[in-house]
J.: 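What follows is a single structure, and I will ask about it in a moment.
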Amino acid sequence: MAKRNGKNIKGIISALLVPFDEEGRVNEAGLRQIIRHNIDEMKVDGLYVGGSTGENFLIETDVKKQIFDIAKDESKDDIHLIAQVGGMNVYEAIELGQYATELGYDAISAVTPFYYKFSFAEVKEYYQDIVNAVDNDLIIYSIPVLTGIEMGLKEFEELFALDNIIGVKFTAADFYLLERLRHSFPDVLIYSGFDEMLFPAAIYEVDGAIGSTYNVNGIRARGILEAVKDNDLAKARQLQKESNDLIEAILANGLYPTLKRLLQLEGCDEGPFLSRKPMASITDEQLEEAKRIHEELL
């Protein structure tokens, strides 16, 4: 299947949550419900499949492929699809990138390699290896708070010069760097990666946003982008305040179990919505707090 044009991917993109059963297997029926909820209720422009929100670093290669299959089969061509293929194993990243491209994903994405203190030369070679082997557009996933890989304007310039690298998921609070990137690379796609900072990122004219809370808060998020575009900053600020009230409560109660419970309360109720071990199961107290969050903040 020919690749599609990743440069068209803009707007609100949910980092797809994945429900698992008691044995750690993908709950396919529940996953399909989550995908439909994102498309039909949250009206998202795309899905970011295989990110940390999907507990990607806890699952095997064949399970990652299974999730890519389900997301493509359920969404068809209704929305854009980005496959996050990166991690510690560049050979797996290439295999997954080729697999998602054959499925017809619009683009792939790859987190910077982490844990070891990789030099920038090693990070650059990692991306070079992926784009050399995978015939698809690639979006860098930069999240230095978790990977320990800090990059400045010069490093991004070198990466953006590589063939088929079209953008970055910018998950950092460095708005100086964000402004410098937007000014220096007007044709590169920049996605805001911190849901709680979408409003200030939108001021700098990001092309969209990729985040986990958009699974349940996609409508407000789109409202922030639209209000900034219309220069209605008071409305955008209010929507961000409401979003941050929700995000604060979710984070305090446990990000993934709370989001999954909120999706169940929104009607995605097909089977268990557990996380992959070693993540803990949701407690009775978390269930009760999730109910309050759903009633008062959604």
Side-chain angles (χ1 to χ4, degrees), residues 6-17 38 44-57 68 71 79-87 93 96-97 100 105-114 123-124 126-127 130-131 134 136-153 155-160 162 164-175 177-182 184-202 204-215 218 221-222 224-225 247 255:
K7 292 182 179 179
N8 293 329
I9 307 174
K10 298 184 179 183
I12 296 299
I13 301 160
S14 280
L16 184 64
L17 285 148
N38 271 287
V44 299
D45 298 289
L47 292 173
Y48 190 81
V49 186
S52 52
T53 301
E55 299 166 43
N56 179 70
F57 307 119
F68 287 155
I79 54 172
H80 294 294
L81 291 176
I82 302 170
Q84 199 297 121
V85 302
L96 291 173
Y105 274 63
D106 300 88
I108 62 171
S109 180
V111 67
T112 55
F114 49 87
V123 171
K124 183 178 179 180
Y126 161 89
Y127 283 114
I130 295 172
V131 296
V134 181
N136 208 338
D137 294 322
L138 184 142
I139 297 159
I140 296 162
Y141 179 13
S142 177
I143 180 167
V145 69
L146 293 182
T147 63
I149 303 295
E150 296 275 358
M151 296 187 292
L153 194 64
E155 288 77 17
F156 277 111
E157 182 178 16
E158 289 190 35
L159 294 180
F160 293 151
L162 299 179
N164 293 336
I165 290 188
I166 61 168
V168 57
K169 181 187 177 190
F170 187 86
T171 308
D174 187 344
F175 286 96
L177 178 57
L178 177 60
E179 186 278 327
R180 292 289 83 192
L181 289 172
R182 180 75 293 167
S184 301
F185 306 104
D187 297 325
V188 165
L189 293 172
I190 301 177
Y191 303 98
S192 170
F194 273 138
D195 304 11
E196 59 270 39
M197 300 180 190
L198 178 54
F199 170 44
Y204 286 118
E205 298 182 351
V206 293
D207 297 286
I210 301 172
S212 38
T213 63
Y214 305 146
N215 285 270
R222 180 180 302 283
I224 292 169
L225 291 183
I247 292 166
L255 177 60

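No hydrogens, no waters, no symmetry mates; every other heavy atom, side chains included, goes into these values. Being a predicted model, the structure only gives us computed values, none of them experimental.
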J.: How far does CD1 of Ile9 sit from OH of Tyr105, to the nearest 0.5 angstrom?
T.: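 Those atoms lie 11.5 Å apart.
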J.: Quick one: does Ile13's side chain get under 4.5 Å of His80's, heavy atoms only?
T.: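 No, too far: nothing below the 4.5 Å cut-off.
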J.: Kindly indicate whether the side chain of Asn136, heavy atoms from C-beta on, has any atom under 4.5 Å from the side chain of Leu138.
T.: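 Of all side-chain heavy-atom pairs linking Leu138 with Asn136, none is under 4.5 Å.
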J.: For the side chain of Gln84 and the backbone of Val111, is there at least one donor-acceptor N/O pair under 3.5 Å apart?
T.: yes
J.: Could you tell me whether the side chain of Leu47 reaches within less than 4.5 Å of the side chain of Tyr214, counting heavy atoms only?
T.: no
J.: Please report the shortest heavy-atom distance between Leu181 and Phe160, naming the atom on each side.
T.: CD2-CE1, 4.2 Å
J.: CD1/Ile224 to CZ/Phe199 distance, rounded to the nearest 0.5 angstrom?
T.: 8.5 Å
J.: Tell me the closest heavy-atom pair linking Pro113 and Ile149, and the distance in Å.
T.: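 Here Pro113 and Ile149 meet closest at O-CG1, 3.4 Å.
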J.: Verify, without hydrogens or angle tests, whether Arg180 (side chain) and Phe175 (backbone) share a donor-acceptor contact under 3.5 angstrom.
T.: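 No, because the side chain of Arg180 does not come within donor-acceptor range (under 3.5 Å) of the backbone of Phe175.
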J.: For the pair Asp106 (side chain) and Leu81 (backbone), establish whether a donor and an acceptor sit closer than 3.5 Å, ignoring hydrogens and angles.
T.: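 The answer is yes, because a donor-acceptor pair under 3.5 Å joins these two groups.
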J.: So, taking the atom named CG in Leu146 and the one named OH in Tyr141, what distance separates them when rounded to the nearest 0.5 Å?
T.: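 Reported value, rounded in 0.5 Å steps: 7.0 Å.
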J.: Short question: side chain of Ser109, backbone of Ile139 - any donor-acceptor pair under 3.5 Å?
T.: yes
J.: If you take all heavy atoms of Ile190 and Leu178, which pair is closest and at what distance?
T.: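 Scanning both residues completely, I find the closest heavy atoms to be CG2-CD1, 3.7 Å.
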J.: Quick one: closest heavy-atom pair of Ser142 and Val168, and the distance?
T.: CB-CG2, 4.1 Å
J.: Surrounding CD of Glu179 (heavy atoms of other residues, nucleotides or ligands, distance under 6.0 Å), is the total greater than 12?
T.: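 Check passes, neighbour count above 12.
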J.: Would you say the side chain of Ile130 lies within less than 4.5 Å of the side chain of Ile108, judging by non-hydrogen atoms?
T.: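 Touching, per the 4.5 Å side-chain cut-off.
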J.: For Glu155 and Gly152, indicate whether the former's side chain and the latter's backbone hold a donor-acceptor pair under 3.5 Å.
T.: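 A pair under 3.5 Å: yes.
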J.: In Å and rounded to the nearest 0.5 Å, what is the OG1 to NZ distance from Thr112 to Lys124?
T.: 16.0 Å
J.: Please determine if Lys169 forms a cation-pi arrangement with Tyr191, meaning its NZ or CZ atom is less than 6.0 Å from the six-membered ring centre and no more than 45° off the ring axis.
T.: no
J.: Asp137 side chain to Ile166 main-chain N or O, any donor-acceptor pair under 3.5 Å?
T.: no
J.: If you look at every heavy atom in Arg182 and Glu205, which pair is closest and at what distance?
T.: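 Arg182 and Glu205 have their closest heavy atoms at NH1-O, 3.1 Å.
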J.: Please report the closest heavy-atom contact between Thr53 and Ala15, naming both atoms and the distance.
T.: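 Nearest heavy atoms, Thr53 then Ala15: CG2-O, 3.3 Å.
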J.: Please determine if Lys7 and Asp207 form a salt bridge, counting it only when a charged side-chain N lies under 4.0 Å from a carboxylate O.
T.: no
J.: Would you check if the side chain of Arg222 reaches a backbone N or O of Ile12 as a donor-acceptor pair within less than 3.5 Å?
T.: no
J.: Look at the side chain of Tyr127 and the backbone N and O of Ile165, then say whether any donor-acceptor pair between them is shorter than 3.5 Å.
T.: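 Looks like no, no N/O pair under 3.5 Å.
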J.: Distance check, rounded to the nearest 0.5 Å: Leu96 atom CG versus Asn56 atom CG?
T.: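 So the gap between those two atoms works out to 7.5 Å.
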J.: Using 30° and 60° as the class limits, which term best fits the ring planes of Phe170 and Phe156: parallel, tilted or perpendicular?
T.: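 Rings of Phe170 and Phe156: tilted, as their planes differ by 30° to 60°.
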J.: Would you check if Val85 and Phe68 make a side-chain contact, meaning some heavy-atom pair closer than 4.5 Å?
T.: yes
J.: Can you spot which of Leu162, Val123, Leu159 makes a side chain to side chain contact (heavy atoms under 4.5 Å, CB included) with Ile140?
T.: Leu159
J.: Are side-chain N/O atoms of Asn38 and Asn215 paired as donor and acceptor at under 3.5 Å?
T.: yes
J.: Tell me, please, which residues at least two apart from Lys10 pass side chain to side chain donor-acceptor pair (under 3.5 Å).
T.: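 For Lys10 there are no side chain to side chain donor-acceptor pair (under 3.5 Å) partners, ignoring immediate neighbours.
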